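All remarks here apply to the structure that follows.
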Amino acid sequence: TEGISVKDLAEKLDVRGKDLIASLLMKGVFVTVNQSLEGELVKDVARQFGADAQVISVEEQLENEAIEGFLEDTTGMVEIARSPVVTVMGHVDHGKTSLLDAIRSTDVASGEAGGITQHIGAYKVHVTKPDSPAFGREIVFLDTPGHEAFTRMRARGAKITDIVVVVVAADDGVMPQTLEAIDHARAAKVPIIVAVNKIDKPDANPAKVIQQLAARGLQPSNQGGDTEFVEVSAKKRIGLDLLEEMICLVADISAPKAVLDRPAVGTVIEAKLDRGRGAVASILVQNGTLRLGDSYIVGNTFGKIRAMFDDRGRSITEAGPSTPVEILGLESMPDAGDTFLVMADRDKAKGIAQYRKMKEREAQLAKSSRVSLEGLAEQI
Ligand code: GDP
Ligand code: MG
């Protein structure tokens with residue numbers, strides 16, 4: 001265990017440090033305010049101040065603070081418009097990857113980076129078509145692995161995406177995973193844009209797709225409904241500008257905002273173990289600004305931002321809301337969907353990470369002992 005300083009414990013117990021020291025002295029323990037206390041002694045002295053269960057949950061308390069920090073009420077803080085975050089979903093082989101690739105390559109700026117495609121699970125596209133009403137704006141796309149984060153976030157009631165683009169192949173029509181994607185989006189209360197893909201194919205039947213989805217409650221806007229349908233071909237690069245415009249249009253309805261000037265909070269899009277670089281995580285900064293040197297807690301690990309990179313692999317020193325970044329130097333691997341939170345107090349971050357790890361181990365232990373008990377029962 002990490003222990004807690006006399007000063008912090010006194011604060012937690014809501015007593016004067018002096019009284020706490022006096023009480024310890026009675027037990028023959030001589031300490032100063034900055035000294036750290038551990039385990040039994042903490043429990044013991046806390047009990048004396050009538051705070052029995054409280055002590056065990058010092059770290060739980062910290063975690064609650066972390067969660068509060070994440071969900072922090074932003075009333076009164078200055079909010080700015082942020083770029084919409086879009087997740088592309090749909091049935092396998094309907095063209096999600098092709099569409100994302102095609103959109104990405106419309107962005108002239110990304111071509112300038114020498115065509116190096118950095119796979120960090122999310123990327124920012126600048127709408128570069130001058131005659132488009134969305135010109136000059138940015139859209140963040142989550143790659144398909146983002147699904148995992150999306151699902152986990154949803155389970156916790158948190159939100160990572162502003163819009164879901166459901167891709168449906170015009171030659172194949174609505175399939176099981178199409179409906180799954182729609183269910184996902186609806187459960188998360190996220191607006192849906194339907195991209196009817198592969199319209200270049202001779203057997204494409206976009207009208208049928210529209211009909212199929214209208215029957216499932218996705219009425220096209222040009223028929224009095226509120227769902228936008230865009231016909232595209234990822235392969236022939238048809239309709240991509242229109243899709244981007246539609247995304248911006250739909251985003252303008254909810255007008256996503258964020259606070260620029262607060263400690264960064266975000267979500268892990270993906271995490272991997274890199275041979276040369278160790279644990280690497282892609283984070284979507286959702287609120288606040290992430291800066292070099294920031295200490296953070298993420299899932300059950302913690303760290304300090306020693307270097308970070310944008311979606312093109314460029315080293316950056318800060319990242320505002322709706323910015324995907326890659327961070328290095330994590331102690332261990334977080335999971336996709338884990339929340340990321342900057343904490344000025346590194347020890348606090350460490351404490352929470354350790355507490356979460358411990359809880360996870362306990363849960364695993366409980367599970368495995370249950371399994372072995374069941375095994376035993378079967379043998380008897
Ligand atoms: P995903 O599984 O949804 O990511 O689908 P992919 O992007 O991997 O595409 C599946 C297949 O469909 C690939 O062979 C693509 O080349 C093809 N494909 C994707 N988009 C189009 C399109 O607009 N037109 C045509 N003709 N083929 C496409
Ligand atoms: Mg794919």
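Note that ligands are numbered from 1 as they come in the structure, with each ligand's atoms numbered from 1 the same way. We use all heavy atoms of the structure for the numbers below, so side chains are in, but hydrogens, waters and symmetry mates are not. Remember, predicted model here, so these are calculated numbers, not experimental data.
- Remark: Tyr296 engages Phe340 in a ring-ring contact (aromatic ring centres under 6.0 Å, His included) (not counting sequence neighbours).
- If you check the side chains of His94 and Asp172, you find a donor sitting under 3.5 Å from an acceptor.
- Taking distance alone, with nitrogen or oxygen atoms compared against 3.5 Å, Val232 stays at or beyond that limit from ligand 1.
- When heavy-atom distances to ligand 1 are checked against a 4.0 Å cut-off, His91 comes that close only through its backbone atoms N, CA, C and O.
- Residue-level proximity to ligand 1 for Asn197 is carried by the side chain, the only part with a heavy atom below 4.0 angstrom.
- In the model, Gln48 has a side-chain atom that pairs as donor or acceptor with a side-chain atom of Lys27 under 3.5 Å.
- For Thr97, the nearest N, O or S atom to the Mg ion (ligand 2) falls under 2.8 Å.
- Atom numbering of ligand 1 starts at 1 in the shown order; those under 4.0 Å from a heavy atom of Lys96 are 1 (P), 2 (O), 3 (O), 4 (O), 5 (O), 7 (O).
- Heavy atoms of Lys201 found under 4.0 angstrom from ligand 1 belong exclusively to the side chain.
- At under 3.5 Å, not a single nitrogen or oxygen of Val92, backbone or side chain, sits near a nitrogen or oxygen of ligand 1.
- At under 3.5 Å, a nitrogen or oxygen of Ser98, whether backbone or side chain, sits near a nitrogen or oxygen of ligand 1.
- Using a 4.0 Å cut-off between heavy atoms, Asp93 contacts ligand 1 through both its backbone and its side chain.
- Figure legend: cation-pi geometry between Arg346 and Phe302 absent, as NZ or CZ is not positioned both under 6.0 Å from the six-membered ring centre and within 45° of its axis.
- There is a side-chain donor-acceptor pair under 3.5 Å between Glu228 and Ser221.
- Using a 4.5 Å heavy-atom cutoff, the side chains of Arg186 and Leu218 are in contact.
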Stepwise, does the side-chain hydrogen bond (donor to acceptor under 3.5 Å, both in side chains) test hold for Gln219 with Asp226? CA-CA 6 Å; Gln219 293 288 342; Asp226 53 12; over 6 Å; no

